Amino acid sequence: MSSHREAPGIAKDPVADSTDTYAFVSPDAPDTVTLIANYVPLEGPAGGPNFYEFGDDVLYEINVDNDGDGISDITYRFVFHTEVRRPDTFMYSTGRISALDSAAWNRRQFYTVSRVVGGHETVIAEHLASPPCNIGPRSTPDYARLAHAAVHRLPGGELVFAGQRREGFYVDLGSVFDLAVLRPEQSFHMMRMLPALGVDATIDVNVHSIAIRVPKTSLSRDGSAPINPAAPGSVIGMWTAAYRRKAIVRDPYHETQSGPWVQVSRLGNPLFNEVIVPMAEKDLWNSVPPAGDRDFVKYVEHPELAAVLPVLYPGVFPNLAAYTKPRADLVAMLLSGFPAGVVPGFQNFTGGMPADVLRLNMAIPPSSRPNLLGVLGGDLAGFPNGRRVFDDTVAVEVRAVAGATIPLFDKGYSPDAAVAALTQGFGPGRDRYISIFPYLGTPRDGYHTPAVVGASNVSGLGVATQPGVGPHY
Amino acid sequence: MAELTRRTFLTTASLGVAAGAVTGGLTALPRLAKDPMEAVDVAAPAVADSVEGLIAHVRNVHTGEIALMAGTREVIWRDPSLAARLAHMARSSGDR
């Protein structure tokens, strides 16, 4: 997946496992940029009684590099703590949760957000409330309102939210991990099957999102709101990182954590660690900053997937199979940004330091007609110019690895005919997102998800149960 | 965070050998008998109590490299004698 459970070590630590990052000019407030870092992969909405939350013992960061050195210039830091009203019960909710301070919400989480510039940390706000998880129509009957109440405005003009949202990343997990199959193209696979529609494996799961909407003037290197797409100062790089304390001692009734914060997870571009970095180095990659990515350039220049595709799809990718040059196109997409002149009207180049960060040209306004394929689809406001919540990064990166972007840097190369047809066979769906901050949609609730199949009168009540159409009280 | 002294470190690190680590709240912990390093002789519970989550980790017995963590700090000490003594105590405790 994008970065869900992408490394052996971090897969065992979901609250610190970054799953997706997004960075885009806010469509409803284009003088701002929205930065989102998702954690806790594949939350099954019904996963109680201990529903999902951030780690109180994890330090979360959203980092912004505005001078191209792969080192954070501006960091938003988030630290959570949990408060339990009634430790004598096992229940997450003891009644209807109608507000963030509802007495019926037993296990609440709060957070502190600070901004770090030049090594100096300033606490922006403390004891900000996260919303509960979306339990169901009895405990959280008006979830959208609860979540909206958890959008906080900060003194510097930022909006911030931290809590459960619906998974925005859509992918056919069952097929891509079964020997790199996209179901619509599986008749060409070495183990042939009839073509089929893709299956959205993440359509009914949730994540935990940390989202902050920041004025552009707070992110650019000179404090201005960039208006010239060609100016180097218009580009920022963004990534998230999670840290745990270096030492932990566990006793039956007490746990002691101490020492420096040690990075255990990070994420810039989707699928970088997942698909590019080999298994033996994935957790190492998670532990180093983007400025240390020089050691991983070789995996971008000669990606394993590009070598595997011609084998798995015999005769389908002959040009890709014959291509042996280092992949300058992928280095640009993932590690340096596109210099001016490669894609007309676009650049997000950050210089010679290779670093896996999401590069956003803040001077490019939101698109009035977004294309899920982003820059590959002629939409310069989409991935890999940052990343919007709905961008089809799987299709973009699979096509790119398969050779679609090679001609941008090697004019003599002709992509194989199949490349332009590579598709997952589905999109994100109509109700997956919302049009306002934090843009990721209302999380699925546990009562209705997974949906009851067939007749739903098991309880004798005959209540109709379809996803998202349940009764509201 | 209170400044860590070598004396405090030696006291707490020594005490932690059986468990492999030392945590905060060290009041009333026993002192080592016949300690070859006299600095260990003086317990400093007031100072130790003020140190957040004190944990010592013998990283390399042969070089005497010991990591002392407290709060968000980590200090590396090199004391082959202390490390050897801790290792000896660890082996001894394993025989009990």
Side-chain angles (χ1 to χ4, degrees), chain A residues 9 13 15-16 54-63 71-72 75-82 111-124 126 241-266 284 287-289 292, chain B residues 1-6 8-30 44-45 47-61 64-79 82-83 86-87 89-90 93-94:
Chain A
D13 188 4
V15 299
F54 293 102
D56 284 3
D57 52 356
V58 176
L59 176 70
Y60 300 92
E61 286 185 350
I62 292 177
N63 297 286
I71 297 172
S72 181
T75 297
Y76 290 94
R77 186 170 286 170
F78 302 82
V79 177
F80 292 82
H81 77 277
T82 300
Y111 60 100
T112 296
V113 55
S114 57
R115 179 178 157 103
V116 185
V117 179
H120 180 69
E121 180 172 2
T122 303
V123 173
I124 300 175
E126 296 179 282
Y243 304 79
R244 283 192 173 281
R245 300 293 282 274
K246 189 164 188 174
I248 302 175
V249 176
R250 292 190 175 93
D251 292 312
Y253 297 101
H254 182 68
E255 181 176 288
T256 299
Q257 301 198 11
S258 192
W261 291 103
V262 177
Q263 183 179 307
V264 296
S265 177
R266 69 152 158 143
L284 169 66
S287 72
V288 299
Chain B
M1 185 180 70
E3 187 64 28
L4 296 171
T5 64
R6 176 175 170 80
T8 306
F9 167 69
L10 290 173
T11 304
T12 55
S14 300
L15 292 168
V17 64
V22 173
T23 62
L26 298 171
T27 309
L29 288 173
V47 175
D49 282 348
S50 68
V51 176
E52 177 196 349
L54 185 58
I55 297 176
H57 172 219
V58 180
R59 291 165 40 139
N60 188 319
V61 172
E65 191 173 278
I66 301 171
L68 178 62
M69 287 164 274
T72 57
R73 295 181 59 204
E74 180 182 28
V75 179
I76 306 299
W77 294 75
R78 195 176 298 277
D79 190 331
L82 175 59
L86 292 170
M89 293 174 68
S93 66

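In this text, all values refer to a predicted model and were calculated from it rather than measured experimentally. In what follows, chains are A, B, ... by sequence order, proteins preceding strands, each numbered from 1.
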Seminar exercise, completed: Nearest heavy-atom contact between A:Ala247 and B:Ile55 is CB-CD1, 3.7 Å
Problem set entry | Atom pair CE/NZ of B:Met69 and A:Lys246 - distance to nearest 0.5 Å | 6.0 Å
For this session: Could you tell me whether a side-chain N or O of A:Arg245 sits under 3.5 Å from a main-chain N or O of B:Gly71, the two making a donor and an acceptor?
Result: yes
Exercise. Would you say the side chain of B:Arg73 lies within less than 4.5 Å of the side chain of A:Ser258, judging by non-hydrogen atoms?
Worked result: no
